[in-house]
**Student:** 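After the structure tokens below, expect a handful of questions from me.
Positions are given from 1 along the sequence. Here the structure is a predicted model, which is why all the values come from computation and not from measurement. Each ligand, and each atom within it, is numbered from 1 in the order the structure gives.
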Amino acid sequence: MNVHLQIRDQVVIERAGIQGLLEALTANGYRLVGPRVRDGAIIYDELLSVDDLPAGWTDEQDGGKYRLRKRADGALFGYAVGPHSWKKFLFPPVTRLWSAKRTGGSFALAPEQEEAPRYAFIGVRSCELHAIATQDKVFMGGKFVDSVYKARRKDAFIVAVNCSQAGGTCFCVSMQTGPKAQTGFDLALTEIVEDGQHYFVVEIGTEKGAGILARIAHRGAGEQEQRAAGQVVERTASQMGRTMDTTDIKELLYRNYEHPRWDNVASRCLTCANCTMVCPTCFCSTVEDVTDLTGEHAERWRKWDSCFNVDFSHITSGSIRPSTRSRYRQWMTHKLATWIDQFGTSGCVGCGRCITWCPVAIDITEEVRAIRETESVRSSNPKTNGPDCGTT
Ligand code: SF4
Ligand code: SF4
């Protein structure tokens, strides 16, 4: 490691230096994953060079709406989060857990022995760092550690990017998860494109980050450059497309299991599960066994699942959440209330994906607001406010 570089130091790399950063990571054995334009969206996929980044693209987002638009300044990271999140790399949507082969009158089990990819994630936003920290608790923080997640997570190198513009559905400021990356990164970039200059102020988060940075051209960040980076984050914080009042939110939702708003949202919700698929913290899965036609070979697969699917809560006597009302309430109350009891943190990081990608534009911030604004009326009638089993 270069002895001159310390954790929390800030340096500058020029726009041209980003290719050097990617090459240094590749030379260190990392597989690069980052933002690319595909199918009319900015998604996360493998990167080969800086040319793969979405230079000069931005997005416009609102409830049920997502559009790409060209921007004039050639910024590499001038967009908000898209439909993908990093969970698809750490907790893959489909994973084979084991396979089995018939041998005589018995069968032999072969556990899956995947060599976990050594990822470098390029362009991780602050809300996404919080989402990764949340999933770390879910998959590695308890008695039972998820070996697939742990193997992929333990060596991941994280290049964060402080947001230079908020999306129309972002509310990280309300959730205290952004827009500035505070922790959980190896390097954090702030992109500055102004006065004909294009450079990045880089904050070092770990010794691993310092080691990579030492391999590429950089210089110390001056006062003016650090100030410019601070202004980028301040400007973004002032542009949030949404807000959510989180005051006593757990108690608010616990008091309102029977609020009529659940019927209102159920009349609009398609139970399509999009919101859970795009959410960077949702972690539910199911397990499926498959056999070939000869019966000689069987496999067990884990797949993402969703509390919006009626079969997800199927027990011996049927689904315990047969109605849309009960499933939407389960999802939102878990995100914003029971998650706090379970993991000590909110299950929502304010990324806005569930709002943007909901086909009927259901908005979690609006649902909380609606319950909060009408709950004083309901609080006067405790008979209708008590918790139930969540089944209706
Ligand atoms: S809230 Fe929207 S995205 Fe989520 S299940 Fe309902 S319709 Fe689908
Ligand atoms: S609930 Fe919605 S806004 Fe919150 S983290 Fe999940 S997708 Fe993002």
**Student:** Examine the proximity of ligand 1 to Cys354 and report which part, side chain or backbone, both or neither, has a heavy atom under 4.0 Å away.
**Tutor:** neither

**Student:** Measuring from atom NZ of Lys208 to atom OH of Tyr30, what distance do you get when rounded to the nearest 0.5 angstrom?
**Tutor:** 4.0 Å

**Student:** For ligand 1, which atoms sit closer than 4.0 Å to a heavy atom of Val360?
**Tutor:** 7 (S)

**Student:** By number and element, which atoms of ligand 1 are closer than 4.0 Å to a non-hydrogen atom of Leu270?
**Tutor:** 6 (Fe), 7 (S)

**Student:** Starting from atom 1 (S) of ligand 2, which protein heavy atom do you reach first, and at what distance in Å?
**Tutor:** Lys335 CD, 3.5 Å

**Student:** Out of Trp339, Tyr328, Phe343, which residue meets the ring pair (Phe, Tyr, Trp, His ring centres under 6.0 Å) rule with His334?
**Tutor:** Trp339

**Student:** Which pairs count as salt bridge (Lys or Arg N to Asp or Glu O under 4.0 Å) when at least one residue sits in residues 342-365, sequence neighbours excluded?
**Tutor:** Glu128-Arg353, Arg242-Asp363

**Student:** Any luck finding a side-chain donor-acceptor pair between Asn28 and Arg215 under 3.5 Å?
**Tutor:** yes

**Student:** Ring centres of Trp357 and Tyr66 under 6.0 Å apart?
**Tutor:** yes

**Student:** Checking only N/O/S atoms, does Cys275 have one that is under 2.8 Å from atom 2 (Fe) of ligand 1?
**Tutor:** no

**Student:** Enumerate the atoms of ligand 1 whose separation from the nearest heavy atom of Thr271 is less than 4.0 angstrom.
**Tutor:** 5 (S), 6 (Fe)

**Student:** State the atoms of ligand 2, each with its element, that fall below the 4.0 Å cut-off from a heavy-atom position in Phe171.
**Tutor:** 3 (S)

**Student:** Is there a heavy atom of Val349 sitting under 4.0 angstrom from any atom of ligand 2?
**Tutor:** yes

**Student:** What protein heavy atom sits nearest atom 2 (Fe) of ligand 1, and how far off is it?
**Tutor:** Cys358 SG, 2.3 Å

**Student:** Tell me whether Arg125 forms a cation-pi arrangement with Tyr79, defined as NZ or CZ under 6.0 Å from the six-membered ring centre and within 45 degrees of its axis.
**Tutor:** yes

**Student:** Are any N, O or S atoms from Cys351 nearer to atom 8 (Fe) of ligand 2 than 2.8 Å?
**Tutor:** yes

**Student:** Looking at atom 3 (S) of ligand 2, what's its closest protein heavy atom, distance included?
**Tutor:** Gly352 N, 3.2 Å

**Student:** If you have a sec, work out which protein heavy atom is nearest atom 8 (Fe) of ligand 1 and how many Å separate them, to one decimal?
**Tutor:** Cys272 SG, 2.3 Å

**Student:** Atom 4 (Fe) of ligand 2: which protein heavy atom is closest, and how many Å away?
**Tutor:** Cys348 SG, 2.4 Å

**Student:** Would you call Pro359 and Leu270 a side-chain contact if the rule is heavy atoms closer than 4.5 Å?
**Tutor:** yes

**Student:** Give a yes/no on ligand 2: does Trp331 have at least one heavy atom closer than 4.0 angstrom to it?
**Tutor:** yes

**Student:** How far is atom 6 (Fe) of ligand 2 from its nearest protein heavy atom, and which residue and atom is that?
**Tutor:** Cys279 SG, 2.4 Å

**Student:** Output side-chain donor-acceptor pairs under 3.5 Å for residues 155-169, partner residues at least two apart or in another chain, one line each.
**Tutor:**
| unit_1 | atom_1 | unit_2 | atom_2 | d |
| --- | --- | --- | --- | --- |
| Asn162 | OD1 | Ala181 | N | 2.7 |
| Asn162 | ND2 | Thr190 | OG1 | 2.9 |
| Gln165 | OE1 | Thr58 | OG1 | 3.4 |
| Gln165 | OE1 | Arg71 | NH1 | 3.1 |
| Gln165 | NE2 | Thr58 | OG1 | 2.8 |
| Thr169 | OG1 | Gly352 | O | 3.2 |
| Thr169 | OG1 | Thr356 | OG1 | 2.8 |

**Student:** Parallel, tilted or perpendicular, judged at 30° and 60°: which one describes the rings of Tyr119 and Phe89?
**Tutor:** perpendicular

**Student:** Inspect the surroundings of CD in Glu223 and state if more than 12 heavy atoms from other residues, nucleotides or ligands are less than 6.0 Å away.
**Tutor:** no

